Amino acid sequence: MRFSTISSSPELIAAAAEPTGVSGETAQLFQFHRGQDVFFMLMLVAFLMMFIRRFEWGVALTTLLVLAVSWPLYLIGYTEILGNELDIDAVILGVFASITLVIAIGVFLGHLSTIHFILASVLFVPAYMANEWFLFGFLDGVLDSGGSILVHMFAAYWGWGVILGLRNRRVSEVPQATSVHSVSFVWLASMLLFVLWPSFVTALLPPEAIIPGMINTYLALTASVLITYVLLWALKRTIDPLVYTYAILAGGVAIGASVDLASPLQSWIIGLLGGAASTLCFVYVHDWLCRKTGVLDTMGVHNLHGVPGILGGLVPLVLFGAPLDQLWAVLGTLVIGLVTGVVAGLILRLFPKPDRMLDDAESFPLDDVRATEVP
Amino acid sequence: MRFSTISSSPELIAAAAEPTGVSGETAQLFQFHRGQDVFFMLMLVAFLMMFIRRFEWGVALTTLLVLAVSWPLYLIGYTEILGNELDIDAVILGVFASITLVIAIGVFLGHLSTIHFILASVLFVPAYMANEWFLFGFLDGVLDSGGSILVHMFAAYWGWGVILGLRNRRVSEVPQATSVHSVSFVWLASMLLFVLWPSFVTALLPPEAIIPGMINTYLALTASVLITYVLLWALKRTIDPLVYTYAILAGGVAIGASVDLASPLQSWIIGLLGGAASTLCFVYVHDWLCRKTGVLDTMGVHNLHGVPGILGGLVPLVLFGAPLDQLWAVLGTLVIGLVTGVVAGLILRLFPKPDRMLDDAESFPLDDVRATEVP
Amino acid sequence: MRFSTISSSPELIAAAAEPTGVSGETAQLFQFHRGQDVFFMLMLVAFLMMFIRRFEWGVALTTLLVLAVSWPLYLIGYTEILGNELDIDAVILGVFASITLVIAIGVFLGHLSTIHFILASVLFVPAYMANEWFLFGFLDGVLDSGGSILVHMFAAYWGWGVILGLRNRRVSEVPQATSVHSVSFVWLASMLLFVLWPSFVTALLPPEAIIPGMINTYLALTASVLITYVLLWALKRTIDPLVYTYAILAGGVAIGASVDLASPLQSWIIGLLGGAASTLCFVYVHDWLCRKTGVLDTMGVHNLHGVPGILGGLVPLVLFGAPLDQLWAVLGTLVIGLVTGVVAGLILRLFPKPDRMLDDAESFPLDDVRATEVP
């Protein structure tokens, strides 16, 4: 069987039926660049998570390792097991799986020894594919072209499942300092993720839906850039760069499920709601949730991908008459993500914890470099 | 009415008339990537301006805010008021407006509180659209496919208008230090702007003019890379990285108006002249001009965008038999930019000046981070 | 005469013969973006080489200068002397030459005064074009679509020829420190080179070979990401970031010659071998070779481009029944590279050595900046 994450909205089916000026081969070559952009975004997510001053290289190393394990594994499952062709759609569905994993490890980065992230990747892929089948194979007419549910929600809740199963309390006690330039890399990553976001949400759309999707995505992102600033200024009179650089991307998360359905104005409002929800989660929910659960969401993934992902997943139900399956998609992804995550966390718990957590010294020789650092 | 910034050179009109192998839909999808590249360049302009050691994050934040305000505003004006369609041309013309604003704020970055840049953006968009109408609606046959006049000249002179109206003398007294890596980010931005420049100047060209435009642009840029080095070495025996990383892009500024008209050799020479003009402005004009006027052009925008923009705008008059309207385009943009800029500056002057200028502390909590900094 | 680096494999000739859905103009516009990506990669190579803490800006400056000299020179030779058209193929073949030079200077960066790299570029271009003619004009049926031989091997051995001719022993004695963020820029460059690699190896392939080439390239790279980590951990129990960030790209180097011939599984294995070969060279060969020869390969180019290039060049001989000319291509490139490199090195030896080697102070005024540095 073949998954299709292409929206099944009536308009688009009609559009796809009409003869379009773009031939199949041409459309596939366009996907080459959008697919490549998703790989680009995957790498940028690593730099978005590079703000902890003494834990920068480890984030990059771990990101490369989980990509190197998960992408080929997904392709094997997609072609050998599910019997699909190894084409550009496979490339893109595979890198969707890998970027979901890279987002997910943001929840437990620094909790494990680097080498155990290889095992985590092996545990992730079947869980992700099961949820993908649930959304587009089991349920019917789920709208999620841009991955609000498939990518962002699953990443957040699978990752949270892992820390709940793993229960590494010691990592919460590790002090986290930042440096000016460790945060400047985060600004760079966040701003380029903004730029590339349309490639991600339109990667699997038919040609005629790509330009409208691009416009909707940029409008949603500009709205979160604005609301995040206004809210932080109104609430705190200061801008925490580690909230701002994250929350401005929530518009891209929230527009995912309706990128090919919303009007430009609707997209802007969806982005506004996504940015507001993410900002409020960072400011009011994050510490409380980590304290209540006793576990640490290292990068605050729940605030950027979890809640805005749920919001985005529910939008088509409210605005675009999606079938009730859309609700089951959101609830089911939450449950499947948490359950398979907890199982992975319990397995990973069998392995010894690293001596030094949230610290590059766990993998790298750093004495010389740190000699050049301000204490 | 619909603006057209597509060159009206006879050759191209002929070319456009001939049947080309690229269908309309296909050509539009190509514009998706070039348009995205212009957003990429807009973000890179922020990093080009990130050299002031204690004023890095503020540049990124301000860039995001002015994009978030100006791009949607332009789209509203372009579609609702001027009655054009919301298509890929709108996306690109809109991001042209926004990147012009991001270049323009380089003149007065650090002069205002971050929040007042939102007002500055609201004041900018109508002024920019008025000048766009003047160039392509009022005047006839103006050649400026790559935005030497529309983007670079207007950015420089509108920004200068603002500082002349604002007259914030205190900002001139703030000491500016750099750090090795704050300048390394500038190198990164400059080198990637070089790479993406062809997407900017060919964004609105017909398919058959894109490859020749790419060749001309890279040739112009390689010429400024060379002449800037030779001049700085000859004049100063040392390379100021904050002159070099800027002036090497002047070839891209200067080729803008004739990217679809010049021969490869002509393009190289135009780039040589642009780079030389920019270098000489940085070395000999900048301090004198700021002293004479008593205001600070924070990023030296006049040296990279102002003078090379004028040069580029006049090239078609000299080499390609442009009508006299080309001269009026250059002069008119200078006047419209300065006048509307001064008005904006006078309005912005009504608001209190920030306590700390050219300093991230104006927006961000920095005590922890700066504790890790060398004094 | 016109070079063709497009693989002459029977399958592809057949494929090219069949009618494809992509028109010539459309295919050329696709090349616009892949060509631009190669310029992007060229700039990233500079950041890959930016790890020496007090020698960062100089690497960027030198990269820009050698590009600015070599690219136009190649175009002149390609069009004026060889009589080819100045089209997108010229752009790409030209930037292949320039990126080869940027890789090659990695061998002797810091050995020369910046200004002498201009002369080095003038000496490089004819040597590179002679080897290009040898491979695709003199020999017959050489398979090297992705430049394992043309780019990577020639870069390594021409560069080594230069240091052998130059014999600047003093540079070996200069201490090299790194800083956390000088190495973070290397991570960024390495990760983005991974992302863009398919554009490089498919830049000259016909449309129908691009997607398979993309899949093969990413598979080869994921394999080297994995094997490099496993080997370094097994052999050293620690990851040297300046080995890791380089060796993970060896899969892209090794797949070059067979990107359009290998199966996905074969590609993964080729990447595994490339990554392993590169890692072992960095760990066991580099110091020994520099000691034996008494010269310094500043960036360890031989370990990433030399040995994996040879490996990649020989693969089609072993797996895809390439004619014996494939062997002559590898041996001939090694000899032509070394000989023309030695000649260049002997000429460059006639000029005075810089007072300060591997140091930005050779070109830039740094007193203020270094005042903000930890000693």
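Keep in mind that this is a model prediction, so the values were computed, not measured. Chain letters run A, B, ... following the sequence lines, proteins first, then strands; residues in each count from 1. Below, all heavy atoms of this structure are taken into account, side chains as well, without hydrogens, waters or symmetry copies.
Using a 4.5 Å cut-off between heavy atoms, C:Ala189 does not touch chain B at all. The contact between C:Ile118 and chain B is made entirely by side chain atoms (from C-beta outward), counting heavy-atom distances below 4.5 Å. Contacts of C:Phe364 with chain B are made by both backbone and side-chain atoms, with heavy-atom separations under 4.5 Å. Residue contact with chain C, scored on non-hydrogen atoms closer than 4.5 Å, involves the backbone and the side chain of B:Phe30 alike. For a residue to count as touching a neighbouring chain, one of its non-hydrogen atoms must lie under 4.5 Å from one of that chain's; by this rule B:Tyr244 touches chain C with the side chain only. Only the side chain of B:Pro264 has a heavy atom closer than 4.5 Å to any heavy atom of chain C. If you measure heavy-atom distances from C:His181 to chain B, the contacts under 4.5 Å come from both the backbone and the side chain. Contact annotation for C:Glu56: only side-chain heavy atoms (C-beta onward) come within less than 4.5 Å of a heavy atom of chain B. Using a 4.5 Å cut-off between heavy atoms, C:Gln31 does not touch chain B at all. Looking at C:Val369, both its backbone and its side chain come within 4.5 Å of chain B, counting heavy atoms on both sides. Using a 4.5 Å cut-off between heavy atoms, B:Leu196 touches chain C through backbone and side chain atoms alike. Only the side chain of B:Phe194 comes within contact range of chain C, with at least one heavy atom under 4.5 Å from a heavy atom of that chain. Interface remark: C:Thr114 contributes backbone and side-chain atoms alike to the contact with chain B (heavy atom separation under 4.5 Å).
The aromatic rings of C:Phe39 and C:Trp71 sit perpendicular, their planes meeting at an angle over 60°, well past the 30° parallel limit. Relative orientation of the C:Tyr78 and C:Tyr74 rings is parallel, given thresholds of 30° and 60° on the angle between their planes.
For the set B:Asp37, B:Thr178, B:Thr228, B:Val180, the count of heavy-atom pairs under 4.5 angstrom toward chain C peaks at B:Val180. Chain C forms the most heavy-atom pairs under 4.5 Å with one residue out of B:Ser199, B:Pro212, B:Ala27, and that residue is B:Ser199. No other option in B:Val183, B:Leu221, B:Ile248, B:Thr245 has as many heavy-atom pairs under 4.5 Å with chain C as B:Val183. Most heavy-atom pairs under 4.5 Å with chain C, from the set B:Ser224, B:Ser179, B:Ser184, B:Ser182: that is B:Ser184. Between chain C and the residues B:Thr202, B:Leu188, B:Ile210, the most heavy-atom pairs under 4.5 angstrom are made by B:Leu188.
A donor-acceptor distance shorter than 3.5 angstrom exists from the side chain of C:Ser121 to the backbone of C:Phe117, with no hydrogens or angles considered. Remark: the backbone N or O of C:Ala60 is not paired with any side-chain donor or acceptor of B:Trp187 at under 3.5 angstrom. Not one N or O on the side chain of B:Asp260 forms a donor-acceptor pair closer than 3.5 Å with the backbone of B:Leu205. Checking side-chain atoms of B:Asn216 against main-chain N and O of B:Ser267 turns up no donor-acceptor pair under 3.5 Å.
Between C:Phe96 and C:Phe200, the ring center distance clears the sub-6.0 Å criterion.
Contact annotation: the side chain of C:Met129 approaches that of C:Val125 to within less than 4.5 Å [non-hydrogen atoms, C-beta and beyond].
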